[in-house]
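Both counts, for ligands and for their atoms, begin at 1 and track the order of listing. Numbers here are sequence positions counted from 1.
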Amino acid sequence: MNKTILLLNGPNLNLLGSREPEIYGYDTLADVEARCMTHANTLGVTLECRQTNHEGVLVDWIQEARGKADAIILNAGAYTHTSIAIHDALKAYDGYKMELHISDPKQREAFRHISYVELASDGLIAGKGVDGYTMAIDAVMEKIA
Ligand code: CA2
């Protein structure tokens with residue numbers, strides 16, 4: 001059966017490639033998503049990529065994925081460290097859940113050390129730069145294929 005993965009990016013990740021390249025690199029989100037789509041095609045998995053700056057939209061998308069997507073890869077951006085609503089939505093999602101970060105928040109400011117996403121996820125990839133995106137697809141496929 002063909003598998004479906006939903007790749008969700010949260011607030012400010014639409015700015016990738018425009019600022020703080022020492023942390024986030026030089027690729028734009030469009031570059032990263034295009035690489036992920038090519039990688040997914042190679043693996044024969046359906047990938048849908050979305051980005052929003054709005055917490056409630058992320059909650060809606062996670063809810064809508066129930067019974068439709070086999071896995072969610074989520075870089076919730078700063079909502080990672082604040083959003084019990086996203087935590088609760090992930091808890092209600094029955095597929096595989098991978099938390100993803102470009103940087104390693106645990107090595108940064110103390111306010112990034114708590115992750116409400118981690119507490120509701122099955123796996124974590126962090127600190128691998130934007131390469132972490134395709135690594136996350138591979139890691140998820142190992143679990144759901
Ligand atoms: O490392 C990550 O992927 C983060 O999720 C990125 C978030 C940050 O709040 C998390 O603690 C860790 C921030 C995303 C902002 O991305 C930008 C990229 C380029 C320029 C400005 C912001």
Identify, for [atom], the protein heavy atom at the shortest distance, and state residue, atom and that distance.
{"atom": "atom 11 (O) of ligand 1", "answer": "His81 NE2, 2.7 Å"}
{"atom": "atom 18 (C) of ligand 1", "answer": "Tyr24 CD1, 3.5 Å"}
{"atom": "atom 1 (O) of ligand 1", "answer": "Ser103 OG, 2.5 Å"}
{"atom": "atom 15 (C) of ligand 1", "answer": "Asn12 CB, 3.6 Å"}
{"atom": "atom 2 (C) of ligand 1", "answer": "Ile102 N, 3.3 Å"}
{"atom": "atom 9 (O) of ligand 1", "answer": "Arg112 NH1, 2.9 Å"}
{"atom": "atom 21 (C) of ligand 1", "answer": "Arg19 NH1, 3.7 Å"}

For Phe111, I'd like to know if atom CZ has over 12 heavy atoms of other residues, nucleotides or ligands within 6.0 Å. yes
Measure the CZ-NE2 distance between Arg112 and His101 for me, rounded to the nearest 0.5 Å. 10.0 Å
Determine whether any heavy atom of Asn75 lies closer than 4.0 Å to an atom of ligand 1. yes
Verify side chain to side chain contact (heavy atoms under 4.5 Å, CB included) between His81 and Val117, making sure each step is shown before the conclusion. CA-CA 8 Å; His81 319 298; Val117 171; over 6 Å; no
Taking Val57 as the starting point, is it possible to reach Leu6 by hopping between hydrophobic residues whose side chains are less than 4.5 Å apart? yes
May I ask you to identify, for His101, whether its side chain, its backbone, both or neither come under 4.0 Å of ligand 1 on a heavy-atom basis? both
Parallel, tilted or perpendicular: which one describes the rings of Tyr116 and His87, with boundaries at 30° and 60°? perpendicular
Sub-4.0 Å atoms of ligand 1 with respect to non-hydrogen atoms of Ala78: 9 (O)
Smallest separation among heavy atoms of Ile102 and Leu13, with atom names: CD1-CD2, 3.9 Å
Any side-chain heavy atom of Val59 within less than 4.5 Å of one from Ile62? no
